[in-house]
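Position 1 is the first residue of the sequence, and the numbers go up from there. For ligands, and for the atoms within them, numbers begin at 1 and follow the listed sequence. Remember, predicted model here, so these are calculated numbers, not experimental data.
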Amino acid sequence: MEESSTDQPPVLCETPQSQKKRIDDLCASFETKYKKKPLFVARASGRVNLIGEHIDYCGYSVLPMAIEQDIIMAVATNDNTELHLSNINLKFNDFVTSVTSFSIVQSKPEWHNYILCGIRGIIERAGMTDAPQGMSIMVDGNIPNSAGLSSSSALVCCAGLATMQANGLAFSKTELADICMRCEHYIGTQGGGMDQSICFLAKAGTAKHIEFNPIRAHDVSLPEGVTFVVANSCVELQKASTSHFNIRVVECRLASQILAKSKGLEWRKMRRLADVEKALGVSLSDMEELVGQLLHPKSYTKEEVCGILGVSQDELNSESLSPNTLHVQYFKLHNRAKHVFSEANRVLKFKALCKDSGAEDTAQLLGDLMNDSHASCRDLYECSCPELDELVEVCKRAGALGSRLTGAGWAGCTVSMVPTDALQAFLKQVEDEFYAKDPNRRSKVTESLFATQPGRGAVIYQL
Ligand code: NG1
Ligand code: MG
């Protein structure tokens with residue numbers, strides 16, 4: 001299927017055969033619910049991040065690919081300004097509001113809040129002076145929830161795309177990625193732009209190396225003879241209802257500001273670790289060394305941070321913390337920064353190896369980088385959990401050349417790189433050793449353990 005370039009809007013196309021039944025069913029539910037036909041269906045996929053975890057919001061590049069699992073939304077406009085949201089899955093309650101005034105809930109947000117983020121993002125970027133189109137929307141999704149496969153951003157991006165189309169607007173894929181990256185912050189987590197970027201910029205058959213500020217995506221051909229396999233630990237965590245994520249964002253920000261201050265830079269302007277590296281003009285390895293010299297491994301107390309930066313607690317709260325981290329008293333700066341600089345380096349090495357993938361040991365070297373990434377997430381960033389660590393070990397025993405948690409972590413999925421000729425044996429062994437023993441895991445194995453290929457970016461299906 002045709003794909004447009006990144007400075008063009010996502011393509012409008014016919015429904016592909018592979019999605020026909022699902023889209024027909026979605027449209028039938030839409031008609032039953034709203035007593036009219038939808039105008040179009042927007043689609044946005046989930047993603048698996050191959051390497052580069054918790055570094056996008058520090059300004060560093062990442063290496064994800066889109067997966068087949070997605071969110072689809074059937075959409076019709078209406079003549080008033082009402083917004084009606086329903087989901088095929090009845091566990092997600094209907095929601096009705098007005099497109100001209102709505103609020104987004106941040107703590108324990110229900111599903112529809114992610115849709116509201118996407119709608120608000122487009123309305124604001126377009127600077128709409130007239131009232132936006134009211135919409136009726138029916139959603140179907142098959143991305144495992146709260147599992148590190150970006151079900152949240154797929155909802156945000158799909159809603160952004162639908163709102164653009166319903167209002168006759170046209171933003172390029174890169175602009176859409178930027179809009180959706182920013183508007184997902186309305187949910188309260190201060191993530192980077194990986195998920196929204198891959199959602200719009202993905203291309204079937206290729207992974208992407210994504211850089212930020214501004215967003216740019218480059219094709220990365222994965223080596224032949226290996227297959228990437230996603231395995232869900234079956235532990236769920238809704239990131240937006242805890243402060244784990246923002247604590248890491250804030251620790252990285254404080255590490256940047258203290259490193260900057262120690263080097264005589266204007267620390268208030270250094271909000272990301274990449275800003276400091278850029279200002280100093282040194283390498284990632286040099287930055288790792290600087291972390292060892294300038295930050296101590298012991299936690300910093302809030303008073304200590306204030307003392308170093310020369311600010312009051314109130315100033316620190318408004319300058320560097322997020323609303324859901326104001327209560328935090330201890331910050332681990334050394335280990336977080338060490339993870340970020342080493343992980344940023346691993347992404348560049350991974351990309352370089354994929355480019356010259358002729359050598360016999362390429363696959364094993366890629367696997368080693370994935371294993372090192374997991375160890376760093378587990379030990380330095382502390383974003384793993386016992387079940388993810390267990391699953392990674394099972395995958396390695398079952399023949400993976402590399403295995404790591406993917407996405408934000410603390411729950412959710414791993415990604416493993418497996419020699420294609422050993423794929424079936426791998427799947428069987430992981431099923432036996434991780435899923436078969438536990439009734440909850442066993443009941444979910446089909447949607448939890450699957451091989452995946454790089455999928456396409458967001459698209460609108462004409463009906
Ligand atoms: P998930 O796993 O989808 O919550 C989050 C962030 C990413 C990135 C990863 C960790 C959002 C929308 N997504 O992804 O930007 O920081 O964690 O690498 O905040
Ligand atoms: Mg998410």
**Item:** Tyr186 six-ring centre to Arg120 NZ/CZ under 6.0 Å and within 45° of normal
**Value:** yes
**Message:** Distance alone, cut at 3.5 Å: any donor-acceptor contact between the side chains of Asp389 and His374?
**Reply:** yes
**Residue pair Met370 / Arg346, side-chain heavy-atom distance below 4.5 Å** = no
**Prompt:** Near ligand 1, which protein residues have a heavy atom under 4.0 Å away?
**Reply:** Arg47, Glu53, His54, Asp56, Tyr57, Gly148, Ser150, Ser153, Glu184, Gly191, Gly192, Met194, Asp195, Gln196, Lys239, Phe245, Gly407, Ala408
**Prompt:** Heavy-atom distance under 4.5 Å between the side chains of Val305 and Lys302, does that happen here?
**Reply:** no
**Request:** Heavy atoms only: give me the nearest Cys252-Tyr57 pair and the separation to one decimal.
**Result:** SG-CE1, 4.4 Å
**Message:** At less than 2.8 Å, how many protein N/O/S atoms surround the Mg ion (ligand 2)? Leave waters out.
**Reply:** 1
**Message:** Under 6.0 Å between ring centres: does that hold for His54 and Phe245?
**Reply:** yes
**Request:** Answer yes or no: are there more than 12 heavy-atom neighbours, outside Glu68 itself, under 6.0 Å from its atom CD?
**Result:** no
**Prompt:** Would you say Ile72 and Val139 make side-chain contact, with heavy atoms under 4.5 Å?
**Reply:** no
**Message:** Less than 6.0 angstrom from the centroid, inside 45 degrees of the normal: does Arg125 satisfy that with respect to the ring of Phe171?
**Reply:** no
